[in-house]
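Structure first, then comments.
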Amino acid sequence: MAWTNDNYYAWHGGIYSGGYGCVGFAFILSDTVFGNLPDRKHMDFDNIQVGDIIRSIMTPILYSSSE
């Protein structure tokens with residue numbers, strides 16, 4: 001089966017409803033491995049465990065040049 005960005009998967013794992021493309025595929029793997037284990041959300045990177053889904057929001061660095 002081909003999996004593209006047009007494919008959507010409704011995640012059973014927790015804090016997100018689902019995703020398209022590679023995110024949806026990651027949710028398929030998560031559900032296959034972890035089933036319906038309860039989700040948790042934390043902000044402490046020291047608590048990350050194998051199987052956690054990590055979302056990192058990158059803040060762009062803005063540069064300005066003076067003339």
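Bear in mind the structure is a predicted one, so any value in this text is a computation, not a measurement.
- With sequence neighbours excluded, no residue satisfies side chain to side chain contact (heavy atoms under 4.5 Å, CB included) with N5.
- Not a single ring-ring contact (aromatic ring centres under 6.0 Å, His included) links F34 to another residue, sequence neighbours left out.
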Quick one, Y9 with D31, criterion side chain to side chain contact (heavy atoms under 4.5 Å, CB included). Give me CA distance, side-chain angles, the key distance, then yes/no. CA-CA 10 Å; Y9 180 78; D31 283 348; 2.8 Å; yes

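- With rounding to the nearest 0.5 Å, the separation of OH in Y8 from OG in S17 is 3.5 Å.
- Panel note: side chain T32, backbone I28; a donor-acceptor pair is recorded below 3.5 Å.
- Y20 has its side chain out of reach of N7: every pair of non-hydrogen atoms, C-beta onward, lies at least 4.5 Å apart.
- Ring orientation note: the planes of F27 and W11 are close to parallel, at an angle under 30° on the 30°/60° scale.
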